[in-house]
Amino acid sequence: MAKNTPKDRAAAAAALTRIANFLDVPIAAFYEAAPEADGAAPIDPARHAEIRELIRQFLRLHDPKARGRCLAYVRRAADEAGCAPAPAPAASRDSTPGLEGS
């Protein structure tokens with residue numbers, strides 16, 4: 001467990017930055033009641049909790065096939081719900097440390 005030293009905080013900030021960049025969201029999106037970058041109303045805190053839980057569980061999957069099944073399920077559920085397509089992944093996402101092969 002981290003001891004909340006400056007080095008630990010820097011490592012946590014770097015990890016959060018990588019995740020935010022990978023998801024194409026501002027870092028503020030991970031904080032409860034944070035306003036959106038465009039000034040829109042903040043995302044519902046319950047949705048934030050679901051997003052964090054989804055990320056936590058996805059990061060537990062080390063098998064590329066399991067991650068692929070997970071992503072396929074989420075994409076299919078979004079399509080069935082009539083959600084707008086997600087933006088195409090940026091080329092830089094493929095090389096995000098710790099998130100490759102996702």
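Here Tyr73 sits in one hydrophobic cluster together with Val74; the rule is ILVMFWY side chains under 4.5 Å apart, joined directly or through other members.
Arg9 pairs by the side chain to side chain donor-acceptor pair (under 3.5 Å) definition with Asn4, not counting sequence neighbours. Partners of Asp63 by side chain to side chain contact (heavy atoms under 4.5 Å, CB included), not counting sequence neighbours, listed by chain and number: Lys65, Ala66. With sequence neighbours left out, Lys7 forms a side chain to side chain contact (heavy atoms under 4.5 Å, CB included) with Thr5. Under the side chain to side chain contact (heavy atoms under 4.5 Å, CB included) criterion, Ala14 pairs with Arg18, sequence neighbours left out. Evaluation of the side chain to side chain contact (heavy atoms under 4.5 Å, CB included) rule for Arg56 yields Arg52, Glu53 as partners, not counting sequence neighbours.
The shortest heavy-atom contact between Pro26 and Ala20 is C-CB, 4.3 Å. For the pair Arg67 and His62, the tightest heavy-atom approach, listed with the atom from each and the gap, is NH1-O, 3.0 Å.
Connection of Ile27 to Ile19 is established within a shared hydrophobic cluster, with ILVMFWY side chains joined at heavy-atom distances below 4.5 Å, either directly or through further cluster members.
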